[in-house]
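Structure first, then comments.
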Amino acid sequence: MTNVVQTLEERGLLEALTSPDIRELVESPTVVYAGFDPTSDSLQVGNLVAIIGLCHFQRAGHRVIALAGGATGLIGDPSGKAAERDLPTVEAIEANVVGIRENLSRFLDFNHPTVPAGIVNNADWMAGYGYLQFLRDVGKHFRMGTMIGKDHVRARLEGESGMSYAEFSYQILQAYDFLHLLDKEGCRVQLGGSDQWGNITAGIDLIHKLRGESAHGVTIPLVCDSSGQKFGKSEGNAVFLDSRKTSCYDFYQFFLRTEDADAERFLKIFTFLELPEIDALVKAAERDPQKRITQARLAEEVTRMVHGDDGVRIAQRASDVLFGGELTNISADDLLAIFVDVPSTELPLDAIAGKAVVDIAVESGLVKSKGEARRLIANGGLYVNNQRVASADATVAKSHLVDRRVLVLRSGKRSYRLVKVV
RNA sequence: GGCGGGGUACUCAAGUGGACAACGAGGAUAGACUGUAAAUCUAUUGGCUUCGCCUUCGAAGGUUCGAAUCCUUCCCCCGCCA
């Protein structure tokens, strides 16, 4: 079988190993898990790296388990966080678990003939665990010195923000998950982001103390773009995997806008293309950079993985039309088909015809206030049907409505809103 | 529980009775140039019925012609001590 650790390494998906023995361990089938905290009802592209890591394990013949943190999410992982977070409600976490289970189910193969993937929720074994019993069974095996010594804990204690006891305890909860999965599933490897190092080693230590067995951790890098920004934000918003939160079009565009400097690296990380093929793409892109074939392929591959062939088709068609320029000679039905994905607002005809562009822009949610709309127009950044709005006093006429039904608003190059007549 | 320090816009951070919608930096958005890239330059960054008005400086009261700035109470954070 392919050595999955080597694969991860070749693709820039390996940050660190808790022990070099892992390379040998994965020469034969093993069980690996990665946890996902339900901080939102959909996973984000940032989580994609860990998911893809799991996929590589499954492709290499290992059994993989995705863990939804229905219990740990109630506390909140302080790793990599500069300040204490507000506690989410129990209901919110339960709802979020449903969402991320759905996300995860798209990537992992649960019907694999030999190594079907699994999904578990740590609330199933944590929720009924009594506090006293937990302290006796698990807490007793943790040393204060070790816990305080973890990077993220020390950083918080030395800084101004401090840390609550609840968040401090998080590492014990995650450690126990690992122990539980060893006992129930024979899981010996935990995969996680580099910020998970402390939590993973806590689990390894606990397993060693209580079971006398060795377990291992594999961390994957935190992906940043070439300017050092954490990956996964578009216009200040997170890019979600759920098409109800981030449309296929926006998702595709997010990857299409990748900088040249990041394209090769991202192809290796986010796609399953073979390395020689990536190499060929990069070479072709160097010869003809304005075609941006690396970005196009990256966007296509990732969008297909997350949203399927239909998602790719919708996104590409919309991209062709929107970046083609004119919206003339296109029917309302075509527009609606292209924009199925784009946020839209429904307004009665008399709330559109003759009204100020500024007001409609606010109502559609394209901008937050009329002031913002005016500024945008002053900067030449607001468009109606892809025609720049010249003045803040401009109004929308009936003739602007495509087939008397649809109006397209745009801010800058990327952000669209559709207004439908009802 | 005691003592000390602190809470200002998206973030960091000035401002300690009037010139404050609040310096500066970062970020963000838009424009020009481009390849839906990078770099660079420019504009904007509380709201509105926009030469003016309204609401904001942890919360609520109070002093004052006038408060982010002074007083009172409360909430939260940090540190030290018990």
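Convention: sequence-line order gives letters A, B, ...; per-chain numbering from 1.
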Please test A:W125 against A:D177 for side-chain hydrogen bond (donor to acceptor under 3.5 Å, both in side chains), starting from the C-alpha separation and ending with a verdict.
-> CA-CA 9 Å; A:W125 58 84; A:D177 286 342; 3.0 Å; yes
Show your working on side chain to side chain contact (heavy atoms under 4.5 Å, CB included) between A:I269 and A:R265 and close with a plain yes or no.
-> CA-CA 6 Å; A:I269 292 176; A:R265 194 160 54 95; 4.1 Å; yes
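Partner of A:H307 under the ring pair (Phe, Tyr, Trp, His ring centres under 6.0 Å) criterion, out of A:F251, A:F240, A:Y249: A:F251 alone.
Here the C1' atom of nucleotide B:U44 and the CG atom of A:L376 are 10 Å apart, to the nearest Å. Atom CG of A:L366 and atom P of B:A30 are 10 Å apart (whole Å). Atom CZ of A:R388 is separated from atom C1' of B:G31 by 7 Å (rounded to the nearest Å). Put simply, OH on A:Y383 is 10 Å from P on B:A30, counting in whole angstrom units. A:K370 has its NZ atom 18 Å from the P atom of B:G46, to the nearest Å.
If you take OG on A:S411 and OH on A:Y416, they are separated by 10.5 Å, rounding to the nearest 0.5 Å. Taken to the nearest 0.5 Å, the CD1 atom of A:I360 stands 10.5 Å off from the CG atom of A:L382.
When only modelled atom types and interatomic distance are considered, A:N96 and A:D41 share no side-chain donor-acceptor pair under 3.5 Å. Judged purely by distance below 3.5 Å, without hydrogens or angles, the side chains of A:N199 and A:Q190 never pair a donor atom with an acceptor atom. Between A:Q171 and A:D77, the side chains place no donor N or O within less than 3.5 Å of an acceptor N or O (distance only, hydrogens not considered).
Nearer to the 5' terminus of RNA chain B, by closest-nucleotide assignment, is the contact made by A:G412 (compared with the other of A:G412 and A:D359).
Within the nucleic acid shown, A:F255 has no heavy atom closer than 4.0 Å to any nucleic acid atom. Among the protein residues, A:G371 comes within range of the nucleic acid bases, having at least one heavy atom under 4.0 Å from a base atom. Counting non-hydrogen atoms under 4.0 angstrom, A:R156 reaches nothing in the nucleic acid. Using a 4.0 Å heavy-atom criterion, one finds that A:I293 contacts no nucleic acid atom at all.
B:U34 and B:U50 have their P atoms separated by 38 Å, given to the nearest Å. Using atom P as the reference point in both B:A67 and B:C53, the two lie 16 Å apart (nearest Å). One P atom belongs to B:A39, the other to B:U29, and the distance between them is 13 Å to the nearest Å. B:A21 sits 16 Å from B:U69 when the C1' atoms are compared, rounded to a whole Å. On the C1' atoms, B:A68 is 12 Å away from B:G58, given to the nearest whole Å. Atom name C1', nucleotides B:C77 and B:A59: the rounded distance is 15 Å, in whole Å. Distance check on atom P: B:G62 versus B:U44 gives 39 Å, rounded to whole Å. The C1' atoms of B:U8 and B:C20 are separated by 12 Å, rounded to the nearest whole Å.
For B:C48, one of the phosphate oxygens OP1 or OP2 lies less than 4.0 angstrom from a side-chain nitrogen or oxygen of A:S369.
Within 3.5 Å, no donor on the side chain of A:R375 pairs with an acceptor on the base of B:U45, nor the reverse.
Taking only side-chain atoms of A:R374, from C-beta outward, the nucleotide of B:U50, B:A43, B:A32 with the closest atom is B:U50.
Nucleotide B:U44 is matched to B:A28 when pairs are restricted to Watson-Crick or G-U wobble geometry with both distances under 3.5 angstrom. The base-pairing partner of B:A38, taking Watson-Crick or G-U wobble contacts with both distances under 3.5 Å, does not exist among the strands shown. The partner of B:G1 is B:C81, judged by Watson-Crick or G-U wobble contacts that both fall below 3.5 Å.
Within the 4.5 Å cutoff, the side chain of A:Y176 has no heavy atoms near those of the A:N122 side chain.
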Anything under 3.5 Å between a protein N or O and an N or O of nucleotides 34-38 of chain B, put it in a table, one pair a line.
unit_1 : atom_1 : unit_2 : atom_2 : d
B:U34  : O4     : A:K413 : NZ     : 2.7
B:G35  : O6     : A:D260 : OD2    : 3.4
B:G35  : N1     : A:D260 : OD1    : 3.4
B:G35  : N1     : A:D260 : OD2    : 2.6
B:G35  : N2     : A:D260 : OD1    : 2.5
B:G35  : N2     : A:D260 : OD2    : 3.4
B:U36  : O2'    : A:R292 : NH2    : 3.4
B:U36  : O2     : A:Q253 : OE1    : 2.7
B:U36  : N3     : A:Q253 : OE1    : 2.9
B:U36  : N3     : A:Q253 : NE2    : 3.2
B:U36  : O4     : A:Q253 : NE2    : 3.4
B:A37  : O2'    : A:D260 : N      : 3.4

